[in-house]
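Structure first, commentary second.
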Amino acid sequence: SSSSSSSSCSSSPDDRKNNNSTTPRRNRRNCRNLRVPIANSNTTRLVPWKVVCIITRSHGRVCIPLSSSSLSSSIGEDDESYEIDLEGALERVESGQLLDDTSLVIPSQEHLPATTTTTATTTDDDDHERNSIAETLNLLRLLGKTKTANILVEAIPSNPKGNCEPVLSFLTKAISSKLHVVSANKSPLAHTRTNTRTNIHADAHSDNQKVETYWTLQQLAHANNVMYNHESAVMDGVPIFSLWKYTLPYAKLISLRGCLNSTTTMILTRMEERGGSSSSRSSRSGGSDTSGTTAIEGETFEEALAAAKHMGIVEEDDSLDLDGYDAAVKLRALLVYCSSSSSSSEAGIDHDAVVPSMEQIHRDSIRNITREDVRCAYANGRRKYRLVASARLVADDVPLDTLGGLGDDTRAKQLGLGNAATATATTKDNGSTTKNKWEASVRLQLLLPSDPLYNLSGTDSSIQFCTDVLGPVTVVSSNPTLVDTAYGLLSDIVRVASESQRDGGA
């Protein structure tokens, strides 16, 4: 995974249209035009773009030369400015090489001779990590200061159990350097930090209170007149954040429910008995071609986990998937985002409901489920186990919506499911009035065939929103791949370009 900065090319479409010369002014192999809609209008415009910097953790980095002459110029004013041959850079990484200056090109030349080469280091890993982070922060500052880039695309793996670093520092530095940020990272949306009273909305009694990192970043972006978009943070590129923000104005979320961790769905799917012949196993879900008549016994938990690891869909710390932490992070990220009042004068300041902390979200594990449990559940009403993340809004301890439970199931109770109380968060407004609050949990549930989540299999994921003005709205992502995540990032880039064109920006 890598973070990269992209900026517009120098010449505008209008400039090229008015140019009588038939000779292309640019190396079109590297500089492309992106057609974007102009916000709040019925028109579109071609926006040229290029990649000017790629930073990775283990595959090196490459950046166009940054000179002081760029300080007073707009992005891409110099028609002979450097750019990165993106296809060439990808080929180097795929062949096991590190990125270096051989990936740099200018329109009038082919690849430039290498002037420096990034090599593996033998220094202490911790020192190297600190130096790499410091270099990246400085590079982000220079990219903004010299106006070399105007968008940072971030897709760095991070441990949601940690302090959200170094991702949080990278995003903060980029936004402070007036770079738009497009991120695939869910951690900043679910992370909290201690209030330092630098926020003008903080009061004298909130020194030690936790504040939402996400809204701190959004306020910083607003102050710097840039955007912080994150469509790929949850459910890959499915537009659930855009759905809530742009198509459900003034709707109040009452409850949500879904399967947000595809790894556990894959494992549970492989543990289920399937029809068909053993030679026709499906690569998508670990199932089979149901055209056969011979039932295939489901795998054990250990076998299914090993298969998921072989597919590369299990986190390095498998407790994030197996013990419900990843699903809880995604659930909390959605609650933080959707709990902001769309009618408030500044998003993120007035919240409709209190969001529980990660510690207050109950999480079930799937480690103790057996193949026999899965078989018996299906024999008893064709039920299936799924790890379900859910939340409901509560006012004065009365749920505004009722979410389905497991019922009175003996084995479910033995697994620690069913009737355990859900952790909640409470607070007082001005020391007197109790706010609405969210009850949230991630539980291993037995689903009936009528449940909207019942037919999810393999790496499918789904989320269902219930609001005060609209019935359940269910969104399903079927067998997502890295292309889905990449598309979510692209859609965010297009939105930045669209808003920038409306405001007259580059």
Side-chain angles (χ1 to χ4, degrees), residues 1-9 13 26 28-41 43-56 75-76 83-91 93-94 103 140 143 149-157 167 170-171 174-175 179-186 188-189 217 221 226-247 262 330 333 337 459 461 475-503 505-506:
S1 299
S2 66
S3 60
S4 63
S5 301
S6 63
S7 71
S8 302
C9 297
R26 296 213 147 261
R28 295 301 179 86
R29 180 183 61 184
N30 297 297
C31 180
R32 300 168 179 82
N33 292 314
L34 186 67
R35 182 173 293 280
V36 301
I38 308 303
N40 300 327
S41 74
T43 61
T44 62
R45 183 178 179 184
L46 288 175
V47 177
W49 66 274
K50 64 180 179 180
V51 176
V52 298
C53 182
I54 302 175
I55 306 169
T56 75
I75 294 174
E83 58 191 72
I84 292 175
D85 175 11
L86 188 56
E87 290 82 1
L90 291 172
E91 289 174 0
V93 172
E94 290 172 353
S103 299
L140 290 173
L143 286 167
N150 55 8
I151 302 177
L152 170 75
V153 180
E154 180 271 316
I156 303 174
V167 171
F170 293 159
L171 300 188
I175 294 173
L179 298 177
H180 299 284
V181 167
V182 169
S183 173
N185 209 306
K186 60 181 174 288
L189 280 78
L217 289 173
V226 295
M227 298 176 67
Y228 167 36
N229 294 341
H230 43 79
E231 196 62 82
S232 291
V234 178
M235 284 183 64
D236 306 289
V238 176
I240 52 178
F241 294 104
S242 296
L243 172 70
W244 181 256
K245 182 175 182 179
Y246 296 104
T247 67
S262 58
K330 293 173 180 175
Y337 183 84
T459 57
S461 58
V475 181
V476 178
S477 174
S478 298
N479 194 26
T481 66
L482 286 177
V483 175
D484 296 62
T485 304
Y487 177 75
L489 293 169
L490 174 63
S491 68
D492 280 342
I493 293 173
V494 171
R495 188 171 297 280
V496 169
S498 175
E499 294 289 340
S500 297
Q501 290 296 314
R502 181 195 66 177
D503 298 334

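We use all heavy atoms of the structure for the numbers below, so side chains are in, but hydrogens, waters and symmetry mates are not.
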Short question: side chain of [X], backbone of [Y] - any donor-acceptor pair under 3.5 Å?
X    : Y    : answer
E154 : V181 : no
H230 : S183 : no
N33  : L46  : no
D484 : T481 : yes
S232 : L489 : yes

How long is the span from the [atom1] atom in [X] to the [atom2] atom in [Y], to the nearest 0.5 Å?
X    : Y    : atom1 : atom2 : result
I156 : I55  : CD1   : CD1   : 8.0 Å
E499 : I38  : CD    : CD1   : 10.0 Å
N185 : L171 : CG    : CG    : 7.0 Å
D85  : K50  : CG    : NZ    : 13.0 Å
S498 : R35  : OG    : CZ    : 13.0 Å
L179 : I151 : CG    : CD1   : 9.5 Å

Looking only at heavy atoms, which two atoms of [X] and [Y] are closest? And how far apart?
X    : Y    : result
L34  : L490 : CD1-CD1, 4.5 Å
V496 : M227 : CA-SD, 3.9 Å
A174 : L152 : CB-CD2, 3.5 Å
E231 : G488 : CB-O, 3.9 Å
S242 : R495 : OG-NH2, 3.8 Å
G237 : Y487 : O-CD2, 4.5 Å

Quick one, I54 with L86, criterion side chain to side chain contact (heavy atoms under 4.5 Å, CB included). Give me CA distance, side-chain angles, the key distance, then yes/no.
CA-CA 9 Å; I54 302 175; L86 188 56; 3.9 Å; yes
No-hydrogen, no-angle side-chain donor-acceptor test under 3.5 Å, T459 and N479:
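Yes.
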Begin from the C-alpha positions of F241 and L189 and carry the test side chain to side chain contact (heavy atoms under 4.5 Å, CB included) through to its verdict.
CA-CA 12 Å; F241 294 104; L189 280 78; 3.7 Å; yes
Should P239 and V475 count as side-chain neighbours, where that means a heavy-atom distance under 4.5 Å?
no
Answer yes or no: does atom CG of L482 have more than 12 heavy-atom neighbours from other residues, nucleotides or ligands under 6.0 Å?
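Incorrect, the count does not exceed 12.
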